[in-house]
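Just follow the structure's listing: the first ligand is 1, and inside any ligand the first atom is 1. Just so you know, these numbers come straight off a predicted model, no measurement behind them.
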Amino acid sequence: MKLIKKASIYAPEYIGEKDVLLAGGKICRIGENLTAPDSWDVEIIDGSGMLLLPGFIDSHVHVLGGGGEGGFANRTPEATLSGLTRYGITTVVGCLGTDGYGRDIDSLIAKIKGLREQGISAYAYTGSYQVPVRTLTGSITRDIMMIDEIIGTGEIAISDHRSSQPTYEEFLRLCADTRLGGILSGKAGIINIHLGDSPRKMDMILKAIEETEIPSTQFLPTHVNRNAALFEEAVEYAKLGGTVDFTGNEDIDYWETVCDEVRVSRGIKRMLDEGISSDLFTISSDGQGSLPLFSADGQFLGIGMGQSSCLLKEVKECVEKENIPLETAIKAITSNPARVLCLYGKGHIKEGFDADLCLMTKDLTIDTVIAKGQIMVKNGEPVVKGLFE
Ligand code: ZN
């Protein structure tokens, strides 16, 4: 059991300075001046002068590592436990990326099981960048229904030169199979769609919503901020009630100048200014994905890698650069992904919910991270690590 005393709580909405009692991996009580009987074994955590936020959810991470563009030597490494928790991530959703050949769904599920055993919450998308997708059981619907870890399909690439150029019918079929899997299992059955740089942008998603019974809530298009034109379409999509996923970026100063990428904080401010609900955006990291860097004249400069650190960095920029209230900005990495992905017990500081928490200083520096009631990070440093870290 743990008792966090006198922290300013953003649940994500601000609920004041309170104490929070954790037991059995859950949030048991939230109140003022909570005490525990002397006979109880309770660890007291002083939260005074600090902010308590729900643990962060990173909904798009290549936990197995990403396929190297430019050759095998560029394959990126697997995600590590502390590489997630040190940045406040207590829930991760893993997916395959461009390379669905050198890495497969069996290894992905094994990795997800490993992260769960190490103490955080982890889920996966079945399928692959390419269509027809690879699955575990031979069927998207069966994977979602029968495999605990699988909550949807993704990332499916469209409008990208690296995609398998799926036809509209192929795309529709996999969306329908995913929706059915979600309905039959009480899961999200979400289709996480990688959007590339092509001018076809979100055409296939918009057509599916218009022509079929599949609602916009079934889709989570990602990388919507990869260029200005795509982002404009994403704004219109959100106006119709669709949720969009921004990809965070640690090197945005480079990407904003050279690649026309829309800075996450600017994009979120724009959406709010357009009157779009603060429920309709999420931020994910594309963690462990490879990021080839080119100069303005097309020279290969080197290769970077997505990291979950960008989630908090983007939230900070929303607050500091765009004056977006903290309680609005953190919805993008807490309550919004929890709702879209139907992750029950996640994304809020609420009695009965999982004890996934981030205790931070007022300038949004991580002090303590708790996952399912266990302290993973203390004084900003991971105290629980994977076996081979
Ligand atoms: Zn992608």
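Relative to the ring axis of Tyr123, Arg116 places its NZ or CZ within 45° and under 6.0 Å from the centre. In this structure, Lys207 forms a cation-pi arrangement with Tyr168, its terminal cationic atom sitting closer than 6.0 Å to the ring centre and no more than 45° off the ring axis.
Glu155 contributes OE1 and His194 contributes ND1; the angle these two atoms make at the Zn ion (ligand 1) is 90°, rounded to 10°.
Residue side and main chain included, His223 places an N/O/S atom under 2.8 Å of the Zn ion (ligand 1). Not one N, O or S atom of Asp286 sits under 2.8 Å from the Zn ion (ligand 1).
Remark: Asp177 engages Ile140, Thr141, Arg173 in a side chain to side chain contact (heavy atoms under 4.5 Å, CB included) (not counting sequence neighbours).
Contact between Ala23 and Cys28 at its shortest, heavy atoms only, is CB-SG, 3.5 Å.
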